[in-house]
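The next block holds one structure in the form of structure tokens; read it before the comments.
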2 protein chains.
Amino acid sequence: MERKLSISGIYRLALYSRHLYSLNKRRDEYISSQELGDAIGHTATQVRKDLTCYGSIGEPGKGYKIEKLNAVLSSIFGRDKIKNVILVGVGNLGMALIAYKGFKLHQFRIIAAFDKDIRKIGRRIEDVLVYDIQDLKAVIDGMDAQIAILAVPPSSAQEVIDMLVSSGIKAILNFAPIKVNVPDNIKLQNVDMSIELDRLYYLLKNPF
Amino acid sequence: MERKLSISGIYRLALYSRHLYSLNKRRDEYISSQELGDAIGHTATQVRKDLTCYGSIGEPGKGYKIEKLNAVLSSIFGRDKIKNVILVGVGNLGMALIAYKGFKLHQFRIIAAFDKDIRKIGRRIEDVLVYDIQDLKAVIDGMDAQIAILAVPPSSAQEVIDMLVSSGIKAILNFAPIKVNVPDNIKLQNVDMSIELDRLYYLLKNPF
DNA sequence: TGGTGTGAACCGATTCACAGCA
DNA sequence: TGCTGTGAATCGGTTCACACCA
């Protein structure tokens, strides 16, 4: 049980886990690092390096026992339990996120939404109730939610982040295209969709 | 005009560009690598290294002339012109993307949307007309669009990608959580929102 | 003095090469 | 023979240290 997994290693681990999920019903008992690598677009060596972080799961000459590997990865990503998530910002993006099937598929469940717009508060979107952002702390107090998705305009992002942190949220997925600050002990992941377009445009204009 | 910019370097360059935008009206004529670095969360050295890729823009003892640096970065990211983008998949996410202000802000404009659902075809969402995906090639033939945003379910992602490629699209921003294959000359950028949650969950459970 | 530009050193991640086990 | 596990080599990106310029 080493502790030597790069940031992109986590990414790959999640991809391995998903791939195993997708071939759940397959008859083969084993999968090789080569096949797993091909499936997600990485080298066999890379796969083996990543996987040895969690002990010697593979068997020389045979490969990785699918059931066993699946169990290990599922445990790492908590696939066996439902993970509660809250959403702040019920605009277009927020609503799309509530409806997004991908979260449910991986056992993430949005259990509450928050907004500051009176017209939205009290509404129910796909079973998710929208609360007043002012009641954030009170509402999530009894809920076991450590992760928040932030889909508010850039102008109020930092303010809401501070509220989340003081309400006990431990990890934030931020969609606001702005640099926000969080204390060291809070995990932050930014998704900036328009900057991805910038990158594509750059690659388009600067071929190499 | 070196050609030595890492993949994350492009990212940072876009951030520099945005920061300059945000202080457009500032009186200072110059900005130092230190200040620019602080603003986006990187070191001054990193900023200087990144910027020298595009020639000696800075002035020793003074810093970078904002106007000049802004012009260089704006040119790199085509901030001066409107860039046409098409969207495929008008579900919840697709609609949210059409409404997303961030794209407009950076001069990306969605000029056409496509879906295979009869009920959606012909509708107009925020000025964007939804076409039949079957008509993809014919519709975009006269349009100057090289970038596509893909927001379809995983099951049809690869099929649509192939259509996009054969219709002349050169870069794709893919929101479908699945590994898709494109020819070498096509630029691809994946955004997988649920895998970001996986990562956050991992960081939460494996503090280091 | 204050700040850029840049070769050299460093460091972390990936790849190579191969020992060892079924 | 086939495939894992892993030290060693390599690669690329970041940081350091400093020459140089206003």
Side-chain angles (χ1 to χ4, degrees), chain A residues 1-16 19-20 26 28-73 199 202-203 206 208, chain B residues 1-16 19-20 26 28-73 199 202-203 206 208:
Chain A
M1 185 70 100
E2 282 268 341
R3 185 129 317 291
K4 214 76 257 308
L5 193 56
S6 65
I7 185 78
S8 37
I10 302 171
Y11 218 88
R12 289 190 302 266
L13 229 50
L15 292 173
Y16 304 147
H19 184 67
L20 293 192
R26 211 173 71 150
D28 303 18
E29 223 182 329
Y30 290 86
I31 188 169
S32 69
S33 57
Q34 183 67 55
E35 184 184 342
L36 198 42
D38 288 347
I40 71 157
H42 289 273
T43 67
T45 308
Q46 182 75 77
V47 173
R48 294 203 298 277
K49 263 284 201 292
D50 288 339
L51 294 183
T52 47
C53 288
Y54 287 91
S56 295
I57 306 167
E59 297 171 36
K62 304 173 92 174
Y64 297 83
K65 191 163 195 172
I66 292 178
E67 201 179 331
K68 185 178 175 188
L69 182 55
N70 197 22
V72 171
L73 293 174
R199 173 145 78 184
Y202 179 94
L203 293 173
N206 301 269
F208 56 103
Chain B
M1 185 71 103
E2 282 269 340
R3 183 126 323 288
K4 214 76 255 324
L5 192 55
S6 66
I7 186 78
S8 38
I10 301 170
Y11 221 88
R12 290 191 301 268
L13 229 50
L15 291 174
Y16 303 146
H19 183 67
L20 293 194
R26 209 174 71 152
D28 302 20
E29 222 183 330
Y30 290 86
I31 187 170
S32 70
S33 56
Q34 183 68 52
E35 183 184 344
L36 198 44
D38 288 348
I40 70 159
H42 289 273
T43 66
T45 308
Q46 183 74 77
V47 173
R48 293 203 298 277
K49 263 281 202 289
D50 288 340
L51 293 183
T52 47
C53 288
Y54 287 90
S56 295
I57 306 168
E59 297 172 36
K62 304 174 91 174
Y64 296 84
K65 191 162 194 174
I66 291 178
E67 200 180 333
K68 185 178 176 186
L69 182 55
N70 197 21
V72 171
L73 293 174
R199 174 144 75 184
Y202 178 96
L203 293 172
N206 302 269
F208 55 104

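The sequence lines fix the lettering, A, B, ..., with proteins before strands; numbering per chain opens at 1.
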Rounded to whole angstrom units, what separation is found between the [atom1] atom of [X] and the [atom2] atom of [N]?
{"X": "A:I40", "N": "C:dT14", "atom1": "CD1", "atom2": "P", "result": "11 Å"}
{"X": "A:K49", "N": "D:dT10", "atom1": "NZ", "atom2": "C1'", "result": "12 Å"}
{"X": "B:K62", "N": "C:dT1", "atom1": "NZ", "atom2": "C1'", "result": "15 Å"}
{"X": "A:Q46", "N": "C:dC16", "atom1": "CD", "atom2": "P", "result": "11 Å"}
{"X": "A:K68", "N": "D:dT4", "atom1": "NZ", "atom2": "C1'", "result": "12 Å"}
{"X": "B:E35", "N": "C:dG2", "atom1": "CD", "atom2": "P", "result": "16 Å"}
{"X": "B:K65", "N": "D:dA22", "atom1": "NZ", "atom2": "C1'", "result": "14 Å"}
{"X": "A:L69", "N": "D:dT4", "atom1": "CG", "atom2": "P", "result": "11 Å"}

If you compare all heavy atoms of A:C53 against all heavy atoms of A:L5, which two are closest, and at what distance to 0.1 Å?
SG-CD1, 4.0 Å

Looking at [options], which one has an atom nearest to any side-chain atom of [X]?
{"X": "B:Y64", "options": "D:dT6, C:dG5, C:dT15", "result": "C:dG5"}
{"X": "B:S8", "options": "C:dT14, D:dT14, C:dT4", "result": "D:dT14"}
{"X": "B:R48", "options": "C:dC21, D:dA8, D:dA17", "result": "D:dA17"}
{"X": "A:T45", "options": "C:dC16, C:dT14, D:dG5", "result": "C:dC16"}

Answer with base, sugar-phosphate or nothing: what part of the nucleic acid does A:E59 contact at a heavy-atom distance below 4.0 Å?
sugar-phosphate

Contact class for B:L51 (heavy atom, under 4.0 Å): base, sugar-phosphate, or nothing?
nothing

C:dT4 phosphate, OP1 or OP2: any side-chain N/O from B:S32 under 4.0 angstrom?
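Result: no.
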
Phosphate-side-chain proximity, B:T43 and D:dT15, N/O vs OP1/OP2 below 4.0 Å
yes

Using only atom types and a distance under 3.5 Å, with no angle test, would you say the side chain of A:T52 pairs donor to acceptor with the backbone of A:G55?
no

For the backbone of B:Y11 and the side chain of B:S8, can you confirm whether one donor and one acceptor N or O come within less than 3.5 Å of each other?
no

Salt bridge check, B:K65 against B:E59: does any charged N sit closer than 4.0 Å to a carboxylate O?
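Salt bridge between B:E59 and B:K65, a charged N being under 4.0 Å from a carboxylate O: no.
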
Per nearest nucleotide of DNA chain D, the residue lying toward the 5' end, A:S56 or A:G61, is A:G61

In a check of side-chain contact (heavy atoms from CB on, under 4.5 Å) between A:Y64 and each of A:V72, A:I57, A:N70, which one passes?
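With A:Y64 as partner, side-chain contact (heavy atoms from CB on, under 4.5 Å) holds for just one option, A:I57.
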
